[in-house]
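To keep things clear, I will list the structure first and then write my remarks on it.
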2 protein chains.
Amino acid sequence: MPARRRKSNDDSATRTALLDAAEALMLEEGYAAVTSRKIAAKAGLPNAIHYYFDTMDELFIELFRRGADRSLAQQEEALRSPQPLWAFWDLLRDRKNGDLNTEFVALANHRKAIRSEIAESSRTFRRGQLAALARVLEAPRSATAFRSPEAVVLLLSAVSRFLIMENAFDLDTGHEEVVEFVDQCITEIEGERAGTRQH
Amino acid sequence: MPARRRKSNDDSATRTALLDAAEALMLEEGYAAVTSRKIAAKAGLPNAIHYYFDTMDELFIELFRRGADRSLAQQEEALRSPQPLWAFWDLLRDRKNGDLNTEFVALANHRKAIRSEIAESSRTFRRGQLAALARVLEAPRSATAFRSPEAVVLLLSAVSRFLIMENAFDLDTGHEEVVEFVDQCITEIEGERAGTRQH
DNA sequence: GTCTATAGCTGGATAGAC
DNA sequence: GTCTATCCAGCTATAGAC
């Protein structure tokens with residue numbers, strides 16, 4: 001059987017507009033607001049969601065992939081920069097990616113098709129991170145405490161996601177302190193940050 | 001107006017049974033499966049949810065508070081133990097608490113009443129953690145890298161939640177490494193772990 | 001006091017209109 | 001090829017049965 005039925009209208013402008021509306025809804029009101037009726041209303045288009053997407057699962061998966069592709073490109077750019085660790089940390093802390101991701105993780109709790117999509121995508125992201133950071137940590141100036149790229153990548157990912165999550169609940173106890181701590185660690189590994197912060 | 005209407009049957013056995021069923025459903029199938037019909041079916045009781053709870057929000061809030069009270073008691077016990085940092089870390093990594101918490105955080109995305117409940121509860125937990133760990137970190141043997149209790153608490157919380165979340169997606173790259181790293185850090189601060197691990 | 005039946009809404013999917 | 005009308009399921013909440 002074919003892995004996925006391909007439609008003739010796979011890249012129509014309408015389809016893209018529907019995905020854009022779905023993404024906006026997801027960010028503004030959460031995934032629960034992403035229903036066929038609301039997407040069409042938001043896009044100002046007739047409700048023909050099921051003409052463009054077989055099921056809502058298909059729509060969500062496509063939306064996720066579109067965002068993941070975008071983010072992966074950003075990540076590769078960051079990891080190619082002169083200070084990959086600083087660039088990676090800044091990217092992780094970027095609110096826009098984090099918020100969408102949070103919604104998809106929540107969505108995965110009750111849409112199994114999304115779950116495997118996220119897992120597979122996460123592995124791809126992690127592979128790229130490890131390949132790049134292994135090189136950084138091999139550099140002679142690296143402190144011995146940070147020899148394991150796996151641990152460093154996981155720590156940075158965990159902290160950034162936690163900060164974003166807590167922000168959503170208006171919590172910020174310890175945020176400054178931990179950011180300062182991470183900044184110090186990165187400085188030890190990669191030297192002072194060159195250039196300006198994005199946020 | 002009264003902040004919350006109090007019912008005569010606030011602690012009836014039926015009410016407790018319904019909360020138990022709701023909790024089990026939440027753990028087994030996710031919060032989306034926690035509907036009035038399914039709770040009643042799971043409990044083997046007639047569907048009189050709205051006799052015992054005015055709204056589903058009320059049920060969820062009560063379920064959250066029940067779990068939070070239980071967890072807070074566990075946390076206080078852990079922080080009173082001879083090795084509060086080790087006990088705290090073990091508690092954080094306990095799957096049962098983490099899984100329920102994950103569901104409530106997701107639920108908060110589309111139930112605003114839950115959001116403020118979680119935020120308030122988090123502040124209470126964090127206060128207790130900081131009070132206890134500030135004492136631990138004052139001890140002379142503490143390495144200078146861990147002077148900020150806010151940062152230490154946040155790091156441990158972030159890492160434990162991230163590990164639990166990734167587990168739900170069958171991801172475990174770097175998990176061993178980071179656990180080993182945290183164990184080393186705790187050993188530096190609080191010495192070798194005495195006694196046995198719970199998991 | 002406890003539970004049942006049902007109203008009223010919203011959603012995904014589909015048959016078929018144009 | 002594009003869109004609309006409608007079906008049916010599942011939910012919360014309520015009115016009222018017993």
Salt bridge flag under 4.0 Å for residues B/Arg70 and B/Glu23
yes
Spacing between [X] atom [atom1] and [N] atom [atom2], to the nearest angstrom:
{"X": "B/Leu59", "N": "D/dA13", "atom1": "CG", "atom2": "P", "answer": "10 Å"}
{"X": "B/His110", "N": "C/dG11", "atom1": "NE2", "atom2": "P", "answer": "13 Å"}
{"X": "A/Arg15", "N": "D/dC3", "atom1": "CZ", "atom2": "P", "answer": "14 Å"}
{"X": "B/Met56", "N": "C/dC9", "atom1": "CE", "atom2": "P", "answer": "20 Å"}
{"X": "B/Lys38", "N": "D/dC11", "atom1": "NZ", "atom2": "C1'", "answer": "10 Å"}
{"X": "B/Phe53", "N": "D/dA13", "atom1": "CZ", "atom2": "P", "answer": "13 Å"}
{"X": "A/Leu45", "N": "D/dT2", "atom1": "CG", "atom2": "C1'", "answer": "12 Å"}
{"X": "B/Asn47", "N": "C/dT4", "atom1": "CG", "atom2": "P", "answer": "9 Å"}

Determine whether more than 12 heavy atoms belonging to other residues, nucleotides or ligands lie under 6.0 Å from atom CD of B/Glu180.
no
When we call it a touch if two heavy atoms are under 4.0 Å apart, what does B/Thr55 touch: a base, just sugar-phosphate, or nothing?
sugar-phosphate
Look at all strands and tell whether B/Ser36 reaches a base, only sugar-phosphate, or nothing, counting heavy atoms closer than 4.0 Å.
base
Any donor-acceptor pair under 3.5 Å between the side chain of B/Arg37 and the base of D/dG10?
no
Considering just the side-chain nitrogens and oxygens of B/His50, establish if one lies under 4.0 Å of OP1 or OP2 belonging to D/dT14.
no
Look at the side-chain N and O atoms of A/Tyr51 and state whether any lies under 4.0 Å from the OP1 or OP2 oxygen of C/dT14.
no
Does the pair B/Arg123 and A/Asp170 meet the rule for a salt bridge (charged side-chain N to carboxylate O under 4.0 Å, His left out), with working shown?
CA-CA 10 Å; B/Arg123 289 192 193 93; A/Asp170 295 318; 5.8 Å; no
Picking from [options], which would you name as closest to the side chain of [X]?
{"X": "A/Thr35", "options": "C/dG11, D/dT4, D/dA13", "value": "C/dG11"}
{"X": "A/Pro46", "options": "C/dG12, D/dT12, D/dT4", "value": "D/dT4"}
{"X": "A/Tyr52", "options": "D/dC11, C/dC3, D/dT2", "value": "D/dT2"}

Are side-chain heavy atoms of A/Met26 and A/Leu107 found at a separation under 4.5 Å?
yes
Kindly say whether A/Leu85 contributes a backbone atom to a donor-acceptor pair with the side chain of A/Glu190 at under 3.5 angstrom?
yes
